[in-house]
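Each chain gets a letter, A, B and so on, in the order its sequence line appears, and its residues count up from 1.
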Number of protein chains: 2
Amino acid sequence: MSESVGSTNHLTRNQLLVMGELSKVDGPLSAYEILDQLRDHGVRSPPQVYRALDKLVEFGLVHKLESLNAFVACRHPGGEPHEKTAFMICENCGQVFEITDDSLTKRVAALARDTQFSLTKSTIELRGICRGCQAA
Amino acid sequence: MSESVGSTNHLTRNQLLVMGELSKVDGPLSAYEILDQLRDHGVRSPPQVYRALDKLVEFGLVHKLESLNAFVACRHPGGEPHEKTAFMICENCGQVFEITDDSLTKRVAALARDTQFSLTKSTIELRGICRGCQAA
DNA sequence: ATCCCATACGTTATAGCATAACACAATTCA
DNA sequence: TGAATTGTGTTATGCTATAACGTATGGGAT
């Protein structure tokens, strides 16, 4: 059993702990918020958290929100690569909505192709007020 | 002469200094890089730079690159609002290409509309290798 | 002119985000 | 078994950003 590239299986202890924290909340958490939650469980220093986060992002289980310097658990069931996610971030309630819009993805890809830009990663983060918060 | 909302005119001294630094380089600069450049001109502390940057961003003269924690001068001639810019960032040479693609903009707007998300600002940053760097 | 107000300034201190570098442990696999 | 790789824990440090304070400045309105 060689369990190749980027599998979601057998996360290490720290990775599991970090993933657990991100999974049990609805919104994003900063690395230091995660650290604070995990002090009881033996996690004591930033590098421990950042290392776990790096791997989880690499595995596609977690996304980094650049405009927030924070991290969210990926809400996609499967473990597909899908590095083409966009986010809507509510500036009122803090909720993050993960979206994969095919035509948006395609438009971005086309844009890159047209300019002969070899795309590695796309960061798309939309800020605003979500439906629920507008009602309220 | 009332010089209303968000005009690009009569920037303050610090704003001009910061704008000057951003204008004379081709790529993005961090706030602290700007600060270092301006020490000779009497700028001594981070808040001075950050305050200037905040205003310049507000005026639409400068963009913040969230995925880089850095700032670039806007390359659009006019002073239109155009908060719908996207960026391609070359991970090899560091150059930043500012693009305004109407159909991308529209797609984002449609996405927001469909989910009844009231859009305030969109951050679109594409990472990869630019045409020039691929050739080399 | 004078007062008011809004905006900008300068400074100190501190908060918040992230990584370098080192030594050691565990795991894999030849 | 031993080499290579990956993960761990720790200390220290660097980079990014803002809070909070007091002062200055410049444009109305009266």
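- For dA18(C), the base has a donor-acceptor partner in the side chain of Y32(A) [N/O atoms by modelled type, under 3.5 angstrom].
- Counting only heavy atoms from C-beta on, T12(A) has its side chain closest to dG7(D) among dA17(D), dA18(C), dG7(D).
- For the residue pair Q134(B) and S118(A), no side-chain donor N or O sits within less than 3.5 Å of a side-chain acceptor on the partner.
- With 3.5 Å as the limit, one finds no donor-acceptor pair spanning the side chains of R131(A) and T115(B).
- Look at S30(A) and you won't find any side-chain N or O under 4.0 angstrom from OP1 or OP2 of dG16(C).
- Regarding I34(A), its CD1 atom lies at a distance of 16 Å from the P atom of dG16(C), rounded to whole Å.
- One finds no side-chain N or O of K64(A) lying less than 4.0 angstrom from the OP1 or OP2 phosphate oxygen of dC17(C).
- Remark: P of dA18(C) and CG of L68(B) are 13 Å apart, rounded to the nearest angstrom.
- The CG atom of L53(B) sits 12 Å away from the P atom of dC9(C) (whole-angstrom rounding).
- Here the C1' atom of nucleotide dG10(C) and the CG atom of L17(B) are 14 Å apart, to the nearest Å.
- Rounding to whole angstrom units, NE2 of residue H10(A) and P of dG7(D) are separated by 8 Å.
- The aromatic ring of Y50(B) does not sit over the base of dT18(D), since the test of centres under 5.5 Å and planes under 30° is not met.
- For P47(A), whose side chain is taken as the heavy atoms from C-beta onward, the closest listed nucleotide among dA17(D), dT11(D), dT8(D) is dT11(D).
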>> Run H63(A) and F87(A) through ring pair (Phe, Tyr, Trp, His ring centres under 6.0 Å) and show every step you take.
In response: CA-CA 10 Å; H63(A) 298 289; F87(A) 299 93; 5.2 Å; yes
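- Counting non-hydrogen atoms under 4.0 angstrom, R44(A) reaches the backbone sugars and phosphates but no base.
- Comment: E98(B) does not engage R75(B) in a salt bridge, judged by the lack of any side-chain N to carboxylate O separation of less than 4.0 angstrom.
- Phosphate proximity of dC17(C) to N69(B): absent, as no side-chain N or O sits under 4.0 Å from OP1 or OP2.
- For the pair E33(B) CD and dT16(D) P, the computed distance is 7 Å after rounding to whole Å.
- Contacts of S45(A) with the nucleic acid, taken as non-hydrogen atoms under 4.0 Å apart, include base atoms.
- Among the candidates V25(A), L53(A), V43(A), the single residue satisfying the side-chain contact (heavy atoms from CB on, under 4.5 Å) test with I34(A) is L53(A).
- Checking dG10(C), dG9(D), dG7(D) against every side-chain atom of N14(B), the shortest atom distance belongs to dG10(C).
- Between dC9(C) and K55(B), no contact under 4.0 Å exists linking OP1 or OP2 to a side-chain N or O.
- A straight line from CG of D54(B) to C1' of dA19(D) spans 14 Å, rounded to a whole angstrom.
- Comparing Q15(B) and P46(A) against DNA chain C, the residue whose closest nucleotide sits nearer the 5' end is Q15(B).
- For the pair L35(A) CG and dA18(C) C1', the interatomic distance rounds to 12 Å; values are reported in whole Å.
- The R51(A) side chain lies nearest to dT8(D) when the options are dT11(D), dG10(C), dT8(D).
- Distances shorter than 4.0 Å separate some side-chain N or O of Q48(B) from OP1 or OP2 on dG10(C).
- Between P46(A) and Y32(A) the shortest heavy-atom distance is CG-OH, 3.3 Å.
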